[in-house]
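To start, the structure under review is shown below, and the notes come after it.
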Protein chains: 2
Amino acid sequence: MEKIKVLIADDHQILLDGLKAILTKDRSLNVIGTACNGLEVLEFLKTETVDVLLLDLQMPIMDGLETTMHVKKSFPNVKIIMLTTNDEGSIITSLFKVGAIGYLLKNTSKKYLIQGIKDAHEGKKVISSHLTEKMIESLVENPKVKEGTIPKITKREIEVIKLIAQEYTTQEIADALFVSTNTVATHKRNLFVKMEVKNSVGMVRKAVDWGLI
Amino acid sequence: MEKIKVLIADDHQILLDGLKAILTKDRSLNVIGTACNGLEVLEFLKTETVDVLLLDLQMPIMDGLETTMHVKKSFPNVKIIMLTTNDEGSIITSLFKVGAIGYLLKNTSKKYLIQGIKDAHEGKKVISSHLTEKMIESLVENPKVKEGTIPKITKREIEVIKLIAQEYTTQEIADALFVSTNTVATHKRNLFVKMEVKNSVGMVRKAVDWGLI
DNA sequence: ATCAGTATCACACAATTGTGTGATGTCTCC
DNA sequence: GGAGACATCACACAATTGTGTGATACTGAT
């Protein structure tokens with residue numbers, strides 16, 4: 001059977017060596033190269049075919065996120081597993097959006113790491129259970145917003161915000177709510193003060209942040 | 001030991017009866033009421049103390065999401081478990097933001113359901129593993145956006161979007177990027193067309209949606 | 001009964017945004 | 001070495017947004 005061609009990228013030489021040593025012992029894996037930043041990864045991919053790419057999240061020059069986006073664009077067949085020491089839930093959510101297939105903590109056991117590479121090669125998703133939990137927590141106990149800081153927004157005001165968010169003009173909002181444009185303008189004015197924003201863009205962003213719409 | 005006071009809300013009478021029958025059999029649970037929509041739930045809570053609320057996601061008049069928000073605001077101590085038949089990943093993410101403590105599929109086994117109620121009562125998070133997977137999938141294979149539909153946005157344009165999102169005026173953006181206001185206006189014009197939006201509000205929202213900023 | 005909060009409207013004016021059209025220099029890629 | 005994408009700028013004008021100030025009316029709570 002064809003060996004799985006693996007490329008490892010990490011800015012710490014020691015970790016790079018360690019990973020290589022571990023993975024080389026498995027007879028179904030073939031570590032065909034290493035890189036210490038995203039640019040090197042892209043260079044490598046131009047000349048060699050890679051099945052699975054192990055990518056450190058924190059790297060200088062081009063980090064894991066950015067690298068993933070570039071690799072996915074030019075070499076969509078490469079399966080990318082993100083390695084991270086990060087246990088903050090907040091970042092994890094965004095990790096899921098860039099197109100990698102797996103996310104493992106660096107302290108994952110050898111066995112699980114190797115199995116993860118094989119799974120990823122077959123198109124299976126690979127996620128450290130610890131990371132999954134963290135991610136859920138970051139969603140559940142949304143730390144993005146401190147409750148006390150949210151001012152009271154009335155129903156009517158929320159209606160206005162929602163319509164603004166849908167790209168309605170003041171005139172259109174007035175028509176939709178059967179009030180005058182002056183009234184809508186007043187609502188907006190009040191909202192700007194309450195929400196401490198300068199314009200509709202800021203207002204809509206905060207409203208989304210606060211889960212108002 | 002005090003029994004756990006449970007309120008069940010679902011618009012299907014049959015499911016309501018079924019759940020009640022199942023839960024009543026457990027001697028540590030006490031089903032003190034049922035409701036068929038969110039308004040009834042709120043009414044009930046005004047007169048009775050409830051420990052755990054089982055809430056159907058799909059209900060007429062006031063659905064699970066909305067109900068949860070209201071309940072959490074007025075009765076923050078009530079532990080809410082959302083029941084759902086929904087297996088679309090997309091909705092699940094938003095479920096995590098409204099403050100419920102658990103999310104279970106309706107076809108969960110009796111045993112797991114009862115255990116879930118007990119766990120929720122103790123403040124533990126309760127999530128069907130199936131739902132967890134779906135949620136991750138919805139993040140990984142983000143269906144919110146069809147890849148092909150995202151137009152090419154240049155670096156410079158993204159810089160402009162970011163500043164707009166931070167409530168910069170055109171003049172301020174021009175100063176920040178050392179270009180004329182005309183240039184900024186042109187970038188915006190081009191972006192509006194590319195992104196198919198009518199104004200900055202829509203643009204920033206889409207940019208956030210697409211993970212550009 | 002009074003007060004705070006909400007919702008409504010008016011008028012006027014300044015500031016900003018958005019549109020239409022056209023132009024120039026610099027890239028890269030084939 | 002031309003085509004196309006990108007970034008830059010100008011000028012003019014329409015449309016919309018944002019601000020300042022003041023007013024009326026309804027409601028619910030003290």
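Small disclaimer: the values here were computed from a predicted structure and weren't measured.
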(Q) Let's see if you get this right: which residues in residues 157-165 of chain A place a heavy atom under 4.0 Å from DNA chain C? (A) none

Q. Salt bridge or not for A:Glu159 and A:Arg156, using N-O below 4.0 Å?
A. yes

Q: Could you list all the side chain to side chain donor-acceptor pair (under 3.5 Å) pairs where at least one residue sits in residues 30-40 of chain B, not counting sequence neighbours?
A: none

Q: Do nucleotides 10-25 of chain C as a string where each nucleotide becomes B, S or -: B if the base has a protein heavy atom under 4.0 Å, S if just the sugar-phosphate does, - if no protein is that close.
A: BB-----SSBBB----

Q.
Counting primed atoms plus P, OP1 and OP2 as sugar-phosphate and everything else as base, spell out the protein contacts along nucleotides 24-30 of chain D at 4.0 Å heavy-atom distance: B, S or - for each nucleotide, 5' to 3'.
A. -------

Q.
What I'd like to find out is whether the side chain of A:Ile101 reaches to under 4.5 Å of the side chain of A:Val52, using heavy atoms alone.
A. no

Q. With a 4.5 Å limit on heavy-atom distance, are the side chains of A:Val41 and A:His70 in contact?
A.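 Side-chain contact under 4.5 Å: no.
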
Rounded distance in Å - [atom1] ([X]) to [atom2] ([N]):
X: A:Lys152; N: C:dG5; atom1: NZ; atom2: P; answer: 8 Å
X: A:Ile153; N: C:dA7; atom1: CD1; atom2: C1'; answer: 15 Å
X: B:Leu191; N: D:dC6; atom1: CG; atom2: C1'; answer: 12 Å
X: A:Asn190; N: C:dT6; atom1: CG; atom2: P; answer: 9 Å
X: A:Lys194; N: C:dG5; atom1: NZ; atom2: P; answer: 10 Å
X: B:His187; N: D:dA5; atom1: NE2; atom2: P; answer: 16 Å

Q: Kindly determine whether B:Ser180 and B:Thr183 satisfy side-chain hydrogen bond (donor to acceptor under 3.5 Å, both in side chains), including the steps that lead there.
A: CA-CA 5 Å; B:Ser180 79; B:Thr183 302; 3.2 Å; yes

**Q.** Spacing of B:Phe44 atom CZ and B:Ile32 atom CD1 [to the nearest 0.5 Å]
**A.**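 One gets 4.0 Å once the value is rounded to the nearest 0.5 Å.
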
Q. For A:Lys198, does the NZ atom sit with more than 12 other heavy atoms under 6.0 Å from it, leaving out its own atoms?
A.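 No, NZ of A:Lys198 has 12 or fewer neighbouring heavy atoms, counting only those of other groups under 6.0 Å.
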
Of all heavy-atom pairs between [X] and [Y], which one has the smallest distance, and what is that distance?
X: A:Ala120; Y: A:Ile81; answer: CB-CD1, 3.7 Å
X: A:Ala9; Y: A:Leu55; answer: CB-CD1, 3.6 Å
X: B:Phe192; Y: B:Met203; answer: CE2-SD, 4.0 Å

Q | Terminal helix-axis angle for the helix from C:dA1-D:dT30 to C:dC30-D:dG1, with five pairs defining each axis and rounding to 10 degrees | A | 60°

Q.
Holding to side chain to side chain donor-acceptor pair (under 3.5 Å), I want the full list of residues that pass it with A:Asn190, two or more places apart in sequence or in another chain.
A.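 Checked A:Asn190 against side chain to side chain donor-acceptor pair (under 3.5 Å); zero matches.
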
Q. Can you tell me if A:Lys194 uses its side chain to pair, donor with acceptor, with the backbone of A:Lys152 under 3.5 Å?
A. yes

Q) Between B:Ile173 and B:His187, does a side-chain contact (heavy atoms from CB on, under 4.5 Å) hold up when you go through it step by step? A) CA-CA 11 Å; B:Ile173 296 170; B:His187 283 314; over 6 Å; no

